[in-house]
Visitor: 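The following block contains the structure, expressed as structure tokens.
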Amino acid sequence: MSPDHPPGLDLDRLRGLLDRERPGLVTGPLSGRLIEGGRSNLTYAVSDGTARWVVRRPPLGHVLATAHDMKREHRVIGALHPTGVPVPRPVLLCEDEDVLGSPFYVMEFVEGTPYRTAEQLAPLGPERTRAAVLNLVDTLVGLHAVDPAEAGLGDFGRPDGFLDRQLRRWAKQLDASRNRDLAGIDELHATLGRKLPSSPSPTVVHGDYRLDNVLIGGENDEIRAVLDWEMSTLGDPLTDLGLLVMYSSPLDMPDSPVSTTAQAPGHPAPAELIERYAARSGRDVSAVAWYTAFAWFKLAVILEGIHYRYTLGQTVGRGFDRIGDLVPVFIEHGLTTLQEG
């Protein structure tokens, strides 16, 4: 297919649906392109020459629809949009698989940049980088301040036993990818289980909150949209903080295929991010080391799964041959974080 007709996006059928459900929205022929960078669901930019939208759908050929729940993503951004949390305005949810071959939804296109690496942040300079990352913390505080019931999300998840279920879920994921010895991984999992903290009151949890899952733009580098809500639920808000701290910690691995933004000049240290979140949210963050160690564990499991698929010849692209070397580094960071508290 041509770049204007990427796989998984039938523009004629999409146009027909939009004309039926949102008459007058589209005023010209549609073109579309795949937005690179997504790790799971597919994201397309679509334009009629005047206006732009985004279409989000599951991967091509996926089997487990529950793993790529478009209705769930659409619901959470629809609920959060009136609250002031920066999310794209939802336009339409389509559960009819005859249109694109799977459920999908359409939302507004938001201008902005997802900064994925320290190298991409560097041109902003130290002051702008620092402000952007602190804005990321403030936006997270705003998300966690939303009352789920008032937003219509009171039944969006099962917060009771959330951390225990998360640990069991990721241990199961690890077992499904085991094909080599990984020193320390079982110790890390067991220690996390023994030191399970008591969760604060549940909030809407993003589940993958980091700098490259937001769009930054405007004169003041504000957070214009938080994206990729596929892992969102009701649960322990400090899991979002722990993940953000993990992604703000140096890996000290040059040319790593997985990077954090920590080395960018002006990037606040993890301790400052934690202090700012605590001060602005009023939450007790004394157990943040556990949540950060859990984030290291979760990413180690995800990376091991990618490495496992690489050994089976099921990955396409560059850098997959080095993913396996990262897993012990993430395990060690998790163990060290727990030991140092």
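Only heavy atoms go into these numbers, but all of them, side chains included; no hydrogens, no water, no symmetry mates.
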Visitor: Any cation-pi pair here, R75 with Y105, using under 6.0 Å and within 45°?
Guide: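 No.
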
Visitor: Could you tell me whether the side chain of P200 reaches within less than 4.5 Å of the side chain of P237, counting heavy atoms only?
Guide: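 SC-SC contact between P237 and P200 confirmed.
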
Visitor: Do other residues, nucleotides or ligands put more than 12 heavy atoms under 6.0 Å from R178 CZ?
Guide: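 Count over threshold, so yes.
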
Visitor: H206 side chain to L227 main-chain N or O, any donor-acceptor pair under 3.5 Å?
Guide: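 Judged by distance alone, yes, a pair lies under 3.5 Å.
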
Visitor: Mind listing the closest non-hydrogen atom pair of S232 and V76 along with its distance?
Guide: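 Looking at all heavy atoms of both residues, the shortest contact is OG-CG1, 3.8 Å.
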
Visitor: Between P250 and A262, which heavy-atom pair has the shortest distance, and what is it?
Guide: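 The pair with the smallest heavy-atom distance is N-CB, 3.6 Å.
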
Visitor: Check salt bridge (charged side-chain N to carboxylate O under 4.0 Å, His left out) between R130 and all other residues, then give those that pass, not counting sequence neighbours.
Guide: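 With neighbours one apart ignored, the set is E272.
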
Visitor: Answer yes if the side chains of S177 and Q173 hold a donor-acceptor pair under 3.5 Å, and no otherwise.
Guide: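 Result is no, nothing qualifies.
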
Visitor: Is it true that D228 and R56 make a salt bridge, defined as a side-chain N closer than 4.0 Å to a carboxylate O?
Guide: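 The answer is yes: the pair qualifies as a salt bridge.
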
Visitor: Rounded to the nearest 0.5 Å, what separation is found between the OG1 atom of T292 and the OH atom of Y247?
Guide: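 Those atoms lie 13.0 Å apart.
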
Visitor: Considering non-hydrogen atoms only, spot the tightest contact between F297 and W170 and give its length.
Guide: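 Closest pair (atom of F297, atom of W170, distance): CE2-CB, 3.8 Å.
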
Visitor: Per the side chain to side chain contact (heavy atoms under 4.5 Å, CB included) rule, which among T117, L121, T129 passes with L211?
Guide: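 With L211 as partner, side chain to side chain contact (heavy atoms under 4.5 Å, CB included) holds for just one option, L121.
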
Visitor: If we only count heavy atoms from C-beta on, is the E73 to M107 side-chain gap below 4.5 Å?
Guide: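 E73 does not reach M107 side chain to side chain.
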
Visitor: Applying a strict under-4.5 Å side-chain criterion to I, L, V, M, F, W and Y, I'd like to know whether L244 and M246 cluster together.
Guide: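 Yes: a chain of side-chain contacts under 4.5 Å links L244 to M246.
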
Visitor: Taking all heavy atoms of L303 and all of I323, pick out the closest pair and write down the distance.
Guide: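 Residues L303 and I323, closest heavy atoms: O-CG2, 3.3 Å.
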
Visitor: Please list, chain by chain and in numerical order, all residues satisfying salt bridge (charged side-chain N to carboxylate O under 4.0 Å, His left out) with D19, sequence neighbours excluded.
Guide: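 So D19 forms a salt bridge (charged side-chain N to carboxylate O under 4.0 Å, His left out) with R15.
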
Visitor: Side chains of residues 214-225: which donor-acceptor partners sit under 3.5 Å, not counting sequence neighbours?
Guide:
unit_1	atom_1	unit_2	atom_2	d
D221	OD1	R128	NH2	3.0
D221	OD2	R128	NE	2.7

Visitor: Output yes when a side-chain donor or acceptor of Y209 lies under 3.5 Å from a complementary backbone atom of L136, and no otherwise.
Guide: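 The answer is yes, because a donor-acceptor pair under 3.5 Å joins these two groups.
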
Visitor: Measure the acute angle between the ring planes of W290 and F294, then classify it against the limits of 30° and 60° as parallel, tilted or perpendicular.
Guide: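 It falls in the parallel class, under 30°.
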
Visitor: R180 side chain to Y308 main-chain N or O, any donor-acceptor pair under 3.5 Å?
Guide: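 Such a contact is absent between R180 side chain and Y308 backbone.
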
Visitor: Do C94 and L17 have side chains that get closer than 4.5 Å, going by heavy atoms?
Guide: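 When only atoms from C-beta onward are counted, L17 and C94 do touch, with a gap below 4.5 Å.
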
Visitor: Looking only at heavy atoms, which two atoms of I185 and A300 are closest? And how far apart?
Guide: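 Reported closest heavy-atom pair: CD1-CB, 4.3 Å.
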
Visitor: Among T239, D236, D240, which one satisfies side-chain hydrogen bond (donor to acceptor under 3.5 Å, both in side chains) with Y291?
Guide: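 One option only clears the test, and that one is D236.
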
Visitor: Could you check if a side-chain atom of V288 sits within less than 4.5 angstrom of a side-chain atom of Y277, using non-hydrogen atoms only?
Guide: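 When only atoms from C-beta onward are counted, Y277 and V288 do not touch, as no gap falls below 4.5 Å.
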
Visitor: Should the pair F330 and W296 be assigned to parallel (<30°), tilted (30 to 60°) or perpendicular (>60°) ring geometry?
Guide: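 The arrangement is perpendicular - the two ring planes meet at more than 60°.
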
Visitor: Do N179 and E304 come within less than 4.5 Å of each other through their side chains, counting heavy atoms only?
Guide: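 Side chain of N179 against side chain of E304, heavy atoms only: contact under 4.5 Å found.
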
Visitor: Grab the two heavy atoms, one from R283 and one from T203, that are nearest each other, plus how far apart they are.
Guide: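 Shortest heavy-atom separation between R283 and T203 comes out as NH2-CG2, 3.3 Å.
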
Visitor: Is it the case that the side chain of N213 and the backbone of D208 share a donor-acceptor pair, with hydrogens and angles ignored and the cut-off at 3.5 Å?
Guide: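 Checked: pair present.
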
Visitor: Do L192 and L188 have side chains that approach each other closer than 4.5 Å (heavy atoms only, starting at C-beta)?
Guide: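 A side-chain contact under 4.5 Å exists here.
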
Visitor: Between D212 and R210, does any NZ, NE, NH1 or NH2 come within less than 4.0 Å of an OD or OE carboxylate oxygen?
Guide: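 D212 and R210: salt-bridged.
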
Visitor: Contact between L25 and V91 at the side-chain level, heavy atoms closer than 4.5 Å - yes or no?
Guide: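 Side-chain contact under 4.5 Å: yes.
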
Visitor: Is L140 close to V226 at the side-chain level, that is, under 4.5 Å between some pair of heavy atoms?
Guide: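 The answer is no, as the side chains (C-beta and beyond) never meet within the 4.5 Å cut-off.
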
